[in-house]
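None of the values given here were measured: they were computed from a predicted structure.
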Amino acid sequence: ALAQELGDRAAQAHALWALQNAELYSAGDTGQIVAYGQEALALARELGLKELIAHALINLSWPFGAQKQLKQSREELIEAQSIWRELGNLQKLAEAYRFMLIINHQAGDHRNMLIDAQNLTDLGASIGSRLDEVEALGWLAFTYIRQGRFSQALNYIDQYGVYAETLGH
């Protein structure tokens, strides 16, 4: 409210995003998560705040995914991925890929799971994130099991085990 009274629209957009985060990470009301997120997103778009746009989009993907609005969730994530790629923020791009894998899993979209898991593997290797590599290997193994391609799944499970041990799992 203070940012709005002061006419600081950028601060207002960030405050709305903070409220979206508070609702999201406190298992708050899904409708409120979406409302705050859409308000923050509209202001961020108007002001050209690309990083904030991407943050709000990722946060919006969660309630849409939880409500099985998978097409909407994917659209939010695809746009966020594009922004993170443009900004060169590879860690946030990896996060968007991790979230996309969950949405693809919910949709039973094995083809895109394989593509996105490989992208996450490559990205994880390029930024030195073993966690991303391990998570991608797990999704690859899971997808191949769902497809009945057990020898390929076992290969990824073996790799997963080796990587997971290096992370203390």
Side-chain angles (χ1 to χ4, degrees), residues 1-107 109 111-140 143 167:
L2 179 60
Q4 189 174 14
E5 286 177 33
L6 295 174
D8 188 340
R9 296 172 51 84
Q12 183 181 357
H14 280 87
L16 287 164
W17 175 63
L19 289 169
Q20 181 194 32
N21 277 321
E23 287 291 327
L24 180 65
Y25 293 109
S26 67
D29 177 73
T30 302
Q32 200 59 57
I33 295 166
V34 172
Y36 286 140
Q38 288 177 332
E39 274 189 83
L41 183 60
L43 273 172
R45 285 188 196 286
E46 186 180 317
L47 299 170
L49 303 171
K50 288 189 176 201
E51 188 171 304
L52 185 57
I53 292 168
H55 281 300
L57 288 166
I58 284 183
N59 287 356
L60 282 169
S61 74
W62 280 100
F64 291 136
Q67 295 173 345
K68 302 293 187 208
Q69 296 176 28
L70 303 180
K71 183 178 184 283
Q72 182 68 38
S73 184
R74 278 184 175 150
E75 288 172 3
E76 308 298 352
L77 287 168
I78 288 168
E79 185 178 353
Q81 285 174 334
S82 175
I83 292 169
W84 292 131
R85 193 175 291 110
E86 176 187 336
L87 296 176
N89 191 330
L90 301 182
Q91 288 79 12
K92 295 303 285 184
L93 178 59
E95 177 184 55
Y97 273 115
R98 288 192 307 271
F99 294 162
M100 186 67 86
L101 283 163
I102 294 166
I103 298 303
N104 287 337
H105 166 68
Q106 286 182 293
D109 186 347
R111 186 180 79 70
N112 279 320
M113 282 182 75
L114 292 173
I115 292 167
D116 288 339
Q118 189 59 58
N119 287 336
L120 183 57
T121 299
D122 296 343
L123 191 54
S126 76
I127 62 176
S129 174
R130 283 289 215 192
L131 182 60
D132 289 322
E133 291 179 87
V134 168
E135 187 161 340
L137 289 169
W139 283 111
L140 285 165
T143 303
L167 295 171

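Among residues two or more places apart in sequence or in another chain, the side chain to side chain contact (heavy atoms under 4.5 Å, CB included) test is passed with Asp109 by Arg74, Asn104, Ala107, Arg111, Asn112. Taking the side chain to side chain contact (heavy atoms under 4.5 Å, CB included) definition, one finds that Asp122 meets it with Gln118, sequence neighbours left out. The ring pair (Phe, Tyr, Trp, His ring centres under 6.0 Å) check on His14 picks up nothing, with sequence neighbours excluded. Take Gln69 and apply the side-chain hydrogen bond (donor to acceptor under 3.5 Å, both in side chains) test, not counting sequence neighbours, and it matches Gln67.
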Distance-only check: which donor-acceptor pairs under 3.5 Å involve side-chain atoms of residues 131-138, not counting sequence neighbours?
unit_1	atom_1	unit_2	atom_2	d
Asp132	OD1	Arg98	NH1	2.4
Asp132	OD2	Ser129	OG	2.9

Can I get a per-line list of side-chain donor-acceptor pairs under 3.5 Å for residues 43-63, giving both atom names and the distance, sequence neighbours left out?
unit_1	atom_1	unit_2	atom_2	d
Arg45	NH1	Glu79	OE2	2.6
Arg45	NH2	Glu79	OE1	3.0
Arg45	NH2	Glu79	OE2	3.2
Glu46	OE1	Arg9	NH2	2.9
Glu46	OE2	Arg9	NH2	2.2
Lys50	NZ	Glu86	OE1	3.2
Lys50	NZ	Glu86	OE2	2.3
Asn59	ND2	Gln20	OE1	3.3
Asn59	ND2	Asn21	OD1	2.7
Ser61	OG	Ile58	O	2.6

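A donor-acceptor contact shorter than 3.5 Å links the side chain of Gln106 to the backbone of Gly65. Side-chain atoms of Ser82 do not come within 3.5 Å of backbone N or O of Ile78 as any donor-acceptor pair. Counting only distance, with no hydrogens or angles, the side chain of Ser73 and the backbone of Leu70 share no donor-acceptor pair below 3.5 Å.
Here CD1 of Ile83 is found 11.5 Å from CG of Asn89. Values are rounded to the nearest 0.5 Å. Between the NE2 atom of His105 and the CE atom of Met100 there is a distance of 15.0 Å, given to the nearest 0.5 Å. Taken to the nearest 0.5 Å, the NZ atom of Lys71 stands 12.0 Å off from the CZ atom of Phe64. In this structure, Asp116 CG and Ile103 CD1 are separated by 11.5 Å, a value rounded to the nearest 0.5 Å.
Gln72 and Glu76 share a donor-acceptor pair across their side chains, judged by distance under 3.5 Å alone.
Looking at heavy atoms from C-beta onward, Ile115 lies in side-chain contact with Asn119 at the 4.5 angstrom threshold.
Across every non-hydrogen atom of Ile102 and Trp139, the tightest pair is CG1-CZ2, 3.9 Å. Annotation for Met113 and Thr143: closest pair CE-OG1, 3.2 Å, computed over non-hydrogen atoms.
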